[in-house]
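Just below is one structure, and these are the notes that go with it.
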Amino acid sequence: VAELPGGLTNTNYKVTTASGAYVVRVSSKDAGLLAIDRENEYLNTVAAADAGVGAAVTAYLPEENVLVLEFIVGQTQSPEDLRRGDRLDQIAAACRRLHGARRFRDDFNMFRIQARYLEIVQERDFRLPERYLEFEPQVRAIEAAMAVRDEGTVPCNNDLLAENFIDVGGEFKLIDYEYSGNNDACFELGNVWSESNLALEQLDELVGHYYGRPLRNKVARARLWGLMSKYGWTLWASIQDGVSEIDFDFWEWGMEKYVRAVDEFDGPDFERLLEDVK
């Protein structure tokens with residue numbers, strides 16, 4: 001048994017046995033505060049594995065807060081790996097495979113999750129970044145713009161930081177379905193852009209690989225979803241800062257995202273992006 005480093009919500013172990021290697025994940029007791037539903041996660045993980053893009057589930061022990069998965073042998077990616085920009089077509093291909101899986105159990109809506117996180121932060125008097133509430137009108141404008149042309153939803157991971165991409169023989173597998181749910185495909189693309197801090201030109205290219213060409217409304221949609229991703233996960237970090245026992249600076253992690261979100265809200269492209277989405 002060897003502990004796997006890097007988890008921000010759970011404790012993960014690699015367990016090697018005579019029959020093979022497995023990942024055993026022990027879930028955090030505060031998962032409910034973070035809008036994680038373990039049954040939904042389990043079912044969606046199975047669906048992703050059946051689609052050939054995720055790790056196979058070996059066992060699910062909800063009474064022990066344990067999920068056992070196959071250990072995928074491959075190269076875990078880093079933000080620097082994805083920022084090289086030479087794997088954008090493979091990122092898009094992996095997302096398309098996941099989005100072609102059977103429907104996930106629940107839906108994922110960052111507007112609803114962000115609002116829920118905000119209630120928790122305010123009720124428990126957790127830390128709130130300066131100016132955070134000032135951007136609520138812009139959030140409502142994004143929500144209204146997204147509704148003008150409803151894109152429908154597909155099964156999404158919704159948390160595709162670089163470390164959730166594993167290169168297996170030149171093809172990406174996607175792991176960690178804690179926040180998975182049916183969502184706008186452009187959220188997935190925007191979240192990849194946001195989490196690894198890709199260049200705007202790389203977002204154009206990623207959208208182009210996914211849709212066949214970099215459609216302006218899709219690029220704008222992905223970029224605004226990336227903004228909402230940063231804005232919403234900032235509060236996730238505030239909650240973790242208040243409750244987590246993991247030795248990690250969640251506040252600094254969240255503030256890095258928030259600073260980039262503020263730059264987008266205050267930037268010269270915001271109004272144009274709303275129009276492009278509509």
Side-chain angles (χ1 to χ4, degrees), residues 6-10 27-37 79 106-147 156-164 176 178-181 183-184 187-188 190-198 221-271 273-274 277:
L8 298 184
T9 310
N10 315 290
S27 302
S28 163
K29 66 180 183 298
D30 296 309
L33 283 179
L34 302 174
I36 301 171
D37 183 309
D106 294 342
D107 294 333
F108 179 98
N109 184 307
M110 181 50 88
F111 296 117
R112 304 287 81 77
I113 289 174
Q114 184 268 338
R116 175 179 169 182
Y117 283 169
L118 183 57
E119 287 180 3
I120 293 170
V121 167
Q122 292 177 317
E123 287 172 357
R124 299 194 175 212
D125 200 27
F126 292 151
R127 297 165 76 181
L128 196 63
E130 185 178 355
R131 295 184 65 200
Y132 192 89
L133 297 179
E134 180 181 318
F135 299 111
E136 283 299 303
Q138 287 94 319
V139 170
R140 300 284 74 82
I142 295 173
E143 186 173 20
M146 293 290 189
C156 289
N157 178 287
N158 300 313
D159 191 27
L160 284 181
L161 57 158
E163 291 79 5
N164 285 342
D176 192 354
E178 284 186 311
Y179 297 95
S180 59
N183 196 5
D184 186 336
F187 181 94
E188 199 93 285
N191 183 240
V192 171
W193 166 70
S194 171
E195 290 294 339
S196 290
N197 201 10
L198 304 180
R221 202 173 186 93
R223 187 170 167 187
L224 287 177
W225 276 131
L227 167 55
M228 276 305 303
S229 172
K230 289 188 276 281
Y231 189 67
W233 295 138
T234 295
L235 296 182
W236 179 95
S238 175
I239 295 169
Q240 284 286 70
D241 177 65
V243 302
S244 179
E245 298 176 358
I246 295 174
D247 183 16
F248 183 80
D249 192 339
F250 288 100
W251 184 253
E252 180 181 355
W253 182 92
M255 286 303 296
E256 188 276 333
K257 291 185 185 301
Y258 180 64
V259 167
R260 289 191 285 127
V262 170
D263 287 343
E264 291 279 325
F265 280 128
D266 289 341
D269 296 336
F270 183 77
E271 294 298 329
L273 292 171
L274 293 176
V277 164

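Since we're looking at a predicted model, the values are computed, not measured.
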Dump the intermediate steps for side chain to side chain contact (heavy atoms under 4.5 Å, CB included) on Arg116 and Ile113, then the final yes or no.
-> CA-CA 5 Å; Arg116 175 179 169 182; Ile113 289 174; 5.6 Å; no
Kindly give the heavy-atom pair with the smallest separation between Glu134 and Gln138, and that separation in Å.
-> O-OE1, 3.6 Å
Compare every heavy atom of Gln114 with every heavy atom of Gly232, then report the nearest pair and how far apart it is.
-> CA-CG, 3.9 Å
Would you find a donor on one side and an acceptor on the other, under 3.5 Å apart, between the side chain of Ser196 and the backbone of Leu198?
-> no
Indicate yes or no: at least one non-hydrogen side-chain atom of Phe135 is less than 4.5 angstrom from one of Val262.
-> yes
Decide whether Trp233 and Tyr179 meet the rule of one side-chain donor and one side-chain acceptor closer than 3.5 Å.
-> no
Test item: Tyr231 and Pro129 side chains (from C-beta on) under 4.5 Å apart, heavy atoms | no
Measure the CD-CG distance between Glu195 and Leu160 for me, rounded to the nearest 0.5 Å.
-> 8.5 Å
Can you name the one residue among Met110, Arg221, Met146 that meets side-chain contact (heavy atoms from CB on, under 4.5 Å) with Phe187?
-> Met110
Salt-bridge criterion met for Asp269 and Arg223 (N-O under 4.0 Å) | yes
Enter the distance from Ile239:CD1 to Ser244:OG here, rounded to the nearest 0.5 Å.
-> 12.0 Å
Report yes if some heavy atom in the side chain of Glu178 is under 4.5 Å from a heavy atom in the side chain of Ser27; otherwise report no.
-> no
Hey, are the side chains of Val121 and Tyr132 touching, using non-hydrogen atoms and a 4.5 Å cut-off?
-> no
Note, Asn158 side chain near Asn191 side chain (heavy atom, < 4.5 Å) | no
Would a 4.5 Å heavy-atom cut-off, applied to side chains only, mark Phe250 and Trp236 as touching?
-> yes
Can you measure from CG (Asn183) to CG (Asp107) and round to the nearest 0.5 angstrom?
-> 8.0 Å
Look at Arg260 together with Glu264 and state whether they make a salt bridge at an N to O cut-off of under 4.0 Å.
-> no
Under 3.5 Å: donor-acceptor pair, side chain of Asn157, backbone of Asp176 = yes
Rounded to the nearest 0.5 angstrom, the CD-CD1 distance for Gln240 and Ile246 is 6.0 Å
Can you tell if the side chain of Cys156 reaches within under 4.5 Å of the side chain of Phe108, non-hydrogen atoms only?
-> no
For Thr234 and Tyr117, run side chain to side chain contact (heavy atoms under 4.5 Å, CB included): C-alpha distance rounded to whole Å, both residues' side-chain angles, the deciding distance at 0.1 Å, then the answer.
-> CA-CA 9 Å; Thr234 295; Tyr117 283 169; over 6 Å; no
Taking all non-hydrogen atoms of both residues into account, name the closest pair between Ala141 and Leu274 and its distance.
-> O-CD2, 3.8 Å
Step-by-step side chain to side chain contact (heavy atoms under 4.5 Å, CB included) determination, Leu128 to Leu118 = CA-CA 9 Å; Leu128 196 63; Leu118 183 57; 4.1 Å; yes
Got a salt bridge between Glu143 and Arg140, using NZ or NE/NH1/NH2 to carboxylate O under 4.0 Å?
-> yes
Side-chain heavy atoms of Leu235 within contact of Phe126, under 4.5 Å | no
Side-chain ion pair, Asp263 and Lys230, N-O less than 4.0 Å | no
Exercise: do Tyr258 and Glu130 side chains pair donor with acceptor under 3.5 Å = no
Can you tell me how far the CE atom of Met255 sits from the NZ atom of Lys257, to the nearest 0.5 Å?
-> 13.0 Å
Distance in Å, Leu227 CG paired with Leu273 CG, rounded so as to fall on 0.5 Å steps | 9.0 Å
Where do Val277 and Trp225 land on the side chain to side chain contact (heavy atoms under 4.5 Å, CB included) test, with the steps shown first?
-> CA-CA 11 Å; Val277 164; Trp225 276 131; over 6 Å; no
